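Whatever order the structure lists them in is the order used to number ligands and atoms, beginning at 1. Everything quoted here is computed from the prediction, not taken from an experiment.
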Amino acid sequence: MFPLHRPRRLRRNESIRRMVRETSVGPDDFILPLFVTSGRGVKNPVASMPGCFQESPDEAVKTAREAHSLGIPAVILFGIPEEKDETGSSAFDPEGVVQTAVKALKDAVPALTVITDVCLCEYTSHGHCGLVKNGEVLNDPTLELLQKEALSHARAGADMVAPSDMMDGRVKAVREALDGEGFTHIPIMSYAAKYASAFYGPFREAAESAPQFGDRRAYQMDPPNIREALREVALDIEEGADIVMVKPALAYLDVIARVKEGFHVPVAAYNVSGEYSLVKAASRLGWVDHDRMMLEILVSIKRAGADMILTYFAAEAARLLNG
Ligand code: PBG
């Protein structure tokens with residue numbers, strides 16, 4: 001009891017604080033998302049995500065090179081195709097935007113891990129993550145398209161695939177497709193607990209993937225649920241997921257903590273677009289300290305239990321942390 005115990009003794013100066021610090025965050029923890037589009041020399045700013053761009057493969061190479069030199073181990077690619085159709089067929093075009101960008105990145109920066117997001121919403125005219133019939137997103141027929149997409153990414157040289165569609169059974173389907181063509185060494189990072197979130201707003205501008213009718217609540221998870229998240233994670237691990245993701249991160253730190261506690265695979269957390277844009281907007285208004293808030297958010301995601309963080313802050317935070 002006080003006055004014997006004085007926790008403030010261990011907060012007196014920075015060196016003592018460093019000695020007792022329980023969690024660290026650094027460039028090793030980050031995965032940088034990139035929005036790739038076709039063409040050359042294209043670098044379109046995303047208005048709602050200051051510092052983020054839609055980039056052609058040659059520009060993405062420059063961004064990735066810089067990320068690699070900052071110590072960031074991986075990038076994840078989202079494609080913005082020229083043409084969209086009902087079935088999202090450009091998602092598995094061998095000459096598609098993601099496939100082209102993967103090749104360029106692996107040629108230029110071979111040591112950088114290139115992950116691809118496997119989903120149809122960026123490629124379908126209706127903007128949903130699966131095949132649509134009579135206003136409904138069909139589960140089983142979508143699996144075949146996701147298999148084709150994942151395979152075409154692996155053939156292009158992707159190091160890891162990340163299915164983000166939330167169809168049931170897609171991890172098993174993707175694993176079987178990859179193994180069937182000898183890609184047994186390619187890990188699957190599954191978006192296992194992905195919630196139907198308002199925090200994805202700015203991403204849909206960046207990826208031009210807003211649903212043209214309805215919303216994603218019939219396949220993404222309902223925010224009040226946590227036991228369901230644990231079930232989704234358990235199922236994905238049974239189906240062969242190597243890494244499981246919780247998304248978004250900040251409003252779901254409890255989910256990250258429970259997943260970390262309950263399972264023995266690495267846990268990824270997605271610090272999504274809305275979480276990024278809130279900090280950008282409020283700091284532009286002069287209401288918050290951008291850098292402190294950014295680092296506090298990232299360390300909180302680590303503290304909750306994430307082993308890696310997908311974050312648009314990756315390069316900025318790495319620069320700051322590298323001094
Ligand atoms: C595609 C996908 C989305 C995000 C990542 N993959 C959007 C969505 O589900 O609507 C969101 C990422 C972000 O907001 O940063 N299915």
Trainee: Just to confirm my output: which protein heavy-atom neighbour is closest to atom 10 (O) of ligand 1, and how far is it?
Mentor: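 For atom 10 (O) of ligand 1, the nearest protein heavy atom comes out as Arg204 NH2, 2.5 Å.
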
Trainee: Looking at ligand 1, does any of its N/O atoms fall within less than 3.5 Å of an N/O of Lys194?
Mentor: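 Yes, since at least one N or O of Lys194 sits under 3.5 Å from an N or O of ligand 1.
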
Trainee: For the pair Asp307 (side chain) and Val267 (backbone), establish whether a donor and an acceptor sit closer than 3.5 Å, ignoring hydrogens and angles.
Mentor: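 Indeed, once roles are kept as given, a pair shorter than 3.5 Å links the two residues.
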
Trainee: Do the side chain of Glu122 and the main chain of Gly79 share a donor and acceptor less than 3.5 angstrom apart?
Mentor: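 The answer is yes, because a donor-acceptor pair under 3.5 Å joins these two groups.
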
Trainee: Would you mind running through ligand 1 and noting each atom that sits below 4.0 Å from a heavy atom of Tyr270?
Mentor: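 The list of qualifying atoms is 12 (C), 15 (O).
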
Trainee: Between the main-chain N or O of Glu176 and the side-chain N or O of Asp179, is there a donor-acceptor pair closer than 3.5 Å?
Mentor: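 Looks like no, no N/O pair under 3.5 Å.
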
Trainee: Can you find an N/O atom of Arg216 closer than 3.5 Å to an N/O atom of ligand 1?
Mentor: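 Yes; at least one N/O pair falls below 3.5 Å.
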
Trainee: Should we say atom CD of Glu144 is surrounded by more than 12 heavy atoms from elsewhere, each under 6.0 Å from it?
Mentor: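 12 or below, so no.
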
Trainee: To the nearest 0.1 Å, how far is atom 12 (C) of ligand 1 from its closest protein heavy atom, and which atom is that?
Mentor: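 Checked against all protein heavy atoms, atom 12 (C) of ligand 1 sits closest to Phe203 CD1, 3.3 Å.
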
Trainee: Do me a favour and list the nearest non-hydrogen protein atom to atom 14 (O) of ligand 1 with residue, atom name and distance?
Mentor: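 For atom 14 (O) of ligand 1, the nearest protein heavy atom is Ser273 OG, 2.7 Å.
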
Trainee: List the closest protein heavy-atom neighbour of atom 4 (C) of ligand 1: residue, atom name, distance to the nearest 0.1 Å.
Mentor: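 Sorting protein heavy atoms by distance from atom 4 (C) of ligand 1 puts Lys247 NZ, 2.5 Å first.
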
Trainee: Of the backbone atoms (N, CA, C, O) and the side-chain heavy atoms from C-beta on, which set of Ser164 has a member under 4.0 Å from an atom of ligand 1: side chain, backbone, both, or neither?
Mentor: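 Under 4.0 Å from ligand 1, Ser164 contributes backbone and side-chain atoms.
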
Trainee: Less than 6.0 angstrom separating the ring centers of Phe30 and Phe313, yes or no?
Mentor: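 No, they do not, as the ring centres are separated by 6.0 Å or more.
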
Trainee: At under 4.0 Å between heavy atoms, is it the side chain or the backbone of Asp117 that contacts ligand 1, or both, or neither?
Mentor: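 Looking at Asp117 and ligand 1, just side chain atoms fall under 4.0 Å.
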
Trainee: Output, in order, the C-alpha distance, side-chain angles, deciding distance and verdict of side-chain contact (heavy atoms from CB on, under 4.5 Å) for Arg170 and Val118.
Mentor: CA-CA 10 Å; Arg170 93 277 203 208; Val118 174; over 6 Å; no

Trainee: Of Tyr200, Tyr312, Phe78, Tyr195, which has the heavy atom at the shortest distance from atom 15 (O) of ligand 1?
Mentor: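 When every heavy atom of Tyr200, Tyr312, Phe78, Tyr195 is considered, Tyr312 comes closest to atom 15 (O) of ligand 1.
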
Trainee: Closer than 3.5 angstrom, by distance alone: can the side chain of Arg17 be matched with the main-chain N or O of Arg11 as a donor-acceptor pair?
Mentor: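 Looks like yes, one N/O pair under 3.5 Å.
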
Trainee: Does a donor on one side chain sit under 3.5 Å from an acceptor on the other, for Thr116 and His153?
Mentor: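 Yes.
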
Trainee: To check your reading of the model: name the closest protein heavy atom to atom 1 (C) of ligand 1, its residue, and the distance in Å.
Mentor: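 Sorting protein heavy atoms by distance from atom 1 (C) of ligand 1 puts Cys121 SG, 3.4 Å first.
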
Trainee: Which of the atoms in ligand 1, numbered in the order shown and given with their element, are less than 4.0 Å from a heavy-atom of Gln220?
Mentor: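 Counting from 1, the qualifying ligand atoms are 8 (C), 9 (O).
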
